[in-house]
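Before any comments, here is the structure.
As the structure lists them, so they are numbered: ligands from 1, and atoms in each ligand from 1. Only this structure's heavy atoms are used, side chains among them; waters, hydrogens and symmetry mates stay out. The shown structure was predicted, so the numbers you read here are calculated from the model rather than taken from an experiment.
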Amino acid sequence: MFIDQVKVYTKGGDGGNGMVAFRREKYVPKGGPAGGDGGHGADVIFEVEEGLRTLMDFRYQRHFKAPRGEHGMSKNQHGRNAEDMVVKVPPGTVVKDDDTGETIADLVQHGQRAVITKGGRGGRGNSRFATPANPAPELSEKGEPGQERYIVMELKLLADVGLVGFPSVGKSTLLSVVSAAKPKIAAYHFTTIVPNLGMVETGDGRSFVMADLPGLIQGAHEGVGLGHQFLRHIERTRVIVHVIDMSGIEGRDPYEDYLTINEELKQYNLRLTERPQIIVANKMDMPDAEENLKIFKEKIEEDYPIFPISAVTQQGLSELLYAVADKVETTSEFPIHEEEETGFHRVLYKHEEEEKEFEITRDPDGTFVVGGAKIERLFKMTDFSREDSARRFARQLRSYGVDDALRERGAKNGDTIRLIKYEFEFVD
Ligand SMILES: Nc1nc2c(ncn2[C@@H]2O[C@H](COP(=O)(O)OP(=O)(O)OP(=O)(O)O)[C@@H](O)[C@H]2O)c(=O)[nH]1
Ligand SMILES: [Mg+2]
């Protein structure tokens, strides 16, 4: 399988900080709280752009950091939400979390979107914390940090060109001599059981992706043989290269073969027959091939170009490749609607990790280490320069059961507790 792969860092924007402010009114020495909330941080969103073909751009830009939300302001003004960061990716991009290997998104259709990393919510301003007991709190939250992660993007190359034909006509042999692909080649039918892809480069520096498909036989569209399940792979190909065994060595008539395969393509009904076809008359090194080709040309009604070649002796290949490259260039893509036409559709995975409340471990020096995504986030959202905020943090730890859990693990008055880089004293 031909795969382009790249590892990228993405981070959602942090939420804006909430504000501590108070109303200043005439004749009121100290007004009520008036600190606004921070705005949302931006999400990093991937969107499919039909025109893109490779992940090349991501080799140069490997960091995607979405902007943060605006901070809250006085007079209860909400900070502005940041605008999401939309990154264009080619169709066929699969996005996985680098740590867990989990699939985050499978992006197929033009315009399809997936949130890759979420922005943080804005911190609340002090207006939101007013209570009858504390009508003027000096307390606000900092913005929630945006989610961050390393992802692996994989692009399953979609074939520009599909090789179709009966079994053993030499499709795999042809692919093997025009690309670096190493498909299995043998004299028995159905040697190829899964499609092989190869990058073909022409003498003048152009390139396209060619797929070698399992052989088709009569009834393939109804599931006879192996070919039909792989016809799906040529849904997106722009050019069909129809390979015909012109030697007739297996006792079939080349023209009958040609009609049979075209009928199968038509029956499969993915508008496959609307694609331009190029005919390859293969095995021209064999004795009867010239004569058969002459008869074939007399019978054929369509004016598809015909290229006599021998994949084995590598005759006639460069003319063929130039013609294929020309056709790929001048043929636009065939947009398809997978759900409607084939009943096939891909699943979009959403990644929502179960969050543990917290975790307590112990360092060799006896320090208690408190960790866990939820607690760490809470910590980052606390403005420790304000006493009200610090007190709220302590209350929240207690409500999560952190104090009890520490006590259970033997923590005593004066013991050191560490959270991220910061150390506290345990006060019982
Ligand atoms: N004489 C001659 N034999 C060829 C030529 N191309 C392929 N062959 C032979 O034909 C046989 C089948 O070749 P493959 O390339 O495996 O054929 P295929 O079309 O991929 O067959 P399936 O995968 O079974 O559908 C092998 O024995 C090849 O060596 C050619 O140009 N001349
Ligand atoms: Mg093959």
What's the shortest distance from [atom] to any protein heavy atom, and which residue and atom give it?
{"atom": "atom 22 (P) of ligand 1", "answer": "Ser168 N, 3.6 Å"}
{"atom": "atom 10 (O) of ligand 1", "answer": "Lys283 NZ, 3.2 Å"}
{"atom": "atom 1 (N) of ligand 1", "answer": "Asp285 OD2, 2.9 Å"}
{"atom": "atom 3 (N) of ligand 1", "answer": "Val312 CG2, 3.7 Å"}
{"atom": "atom 13 (O) of ligand 1", "answer": "Thr173 OG1, 3.5 Å"}
{"atom": "atom 31 (O) of ligand 1", "answer": "Ala311 N, 3.0 Å"}
{"atom": "atom 6 (N) of ligand 1", "answer": "Asn282 ND2, 3.2 Å"}
{"atom": "atom 17 (O) of ligand 1", "answer": "Gly170 N, 3.2 Å"}

Output the list of atoms in ligand 1 that are nearer than 4.0 Å to some heavy atom of [X], sorted by atom number.
{"X": "Met286", "value": "1 (N)"}
{"X": "Tyr188", "value": "24 (O)"}
{"X": "Phe190", "value": "24 (O)"}
{"X": "Gly215", "value": "25 (O)"}
{"X": "Val169", "value": "17 (O), 19 (O)"}
{"X": "Ala187", "value": "27 (O)"}

Does a salt bridge link Arg149 with Asp98, judged by any charged N lying under 4.0 Å from a carboxylate O? no
For ligand 1, note which part of Ala186 has a heavy atom under 4.0 Å away: side chain, backbone, both or neither. backbone
Relative to ligand 1, is His189 under 4.0 angstrom through side chain, backbone, both or neither, heavy atoms considered? backbone
Tell me the protein N, O or S atoms under 2.8 Å from the Mg ion (ligand 2), in chain and number order. Ser172 OG, Thr192 OG1
Does Asp245 have any salt bridge (charged side-chain N to carboxylate O under 4.0 Å, His left out) partners at least two apart in sequence or in another chain, and if so, which? Lys283
Report the C-alpha distance between Asp204 and Arg206 in whole Å, list the side-chain angles of each, state the deciding distance to 0.1 Å, and finish with yes or no for salt bridge (charged side-chain N to carboxylate O under 4.0 Å, His left out). CA-CA 6 Å; Asp204 57 357; Arg206 292 179 290 168; 3.2 Å; yes
Would you check the N or O atoms of Lys171, main chain and side chain alike, for any that come under 3.5 Å of an N or O of ligand 1? yes
Is there a donor-acceptor contact under 3.5 Å linking the side chains of Thr367 and Thr416? no
For Asn76 and Ser127, test the side chains for any donor-to-acceptor distance below 3.5 angstrom and give the result as yes or no. yes
Apply the test salt bridge (charged side-chain N to carboxylate O under 4.0 Å, His left out) to residues Arg252 and Asp257: give CA-CA distance (whole Å), side-chain angles for both, the deciding distance (0.1 Å), then the verdict. CA-CA 7 Å; Arg252 294 188 315 264; Asp257 277 13; 2.9 Å; yes
Just to verify, what does Phe384 make a ring pair (Phe, Tyr, Trp, His ring centres under 6.0 Å) with, not counting sequence neighbours? Phe379, Phe393
Closest non-hydrogen atom pair, Ala281 against Ile306: CB-CG2, 4.3 Å
Could you pull out the closest heavy-atom pair between Gly248 and Asn292, with the gap in Å? N-ND2, 4.0 Å
For the side chain of Asp43 and the backbone of Asp84, is there at least one donor-acceptor N/O pair under 3.5 Å apart? no
When you measure from the side chain of Asn126 to the backbone of Ser140, do you find a donor-acceptor pair of N or O atoms at a distance under 3.5 Å? no
All N/O donor-acceptor pairs, side-chain side in residues 56-63, below 3.5 Å, sequence neighbours left out:
| from | atom 1 | to | atom 2 | distance (Å) |
| --- | --- | --- | --- | --- |
| Arg59 | NH1 | Gln5 | O | 3.4 |
| Arg59 | NH2 | Asp4 | OD1 | 2.6 |
| Arg59 | NH2 | Gln5 | O | 3.1 |
| Gln61 | NE2 | His63 | O | 3.3 |
| Arg62 | NH1 | Lys7 | O | 3.0 |

I want to check a possible cation-pi pair here: Arg113 against Phe46, using under 6.0 Å from ring centre and within 45° of the ring axis as the test. no
Are Tyr9 and Phe64 close enough that their ring centers fall under 6.0 Å? no
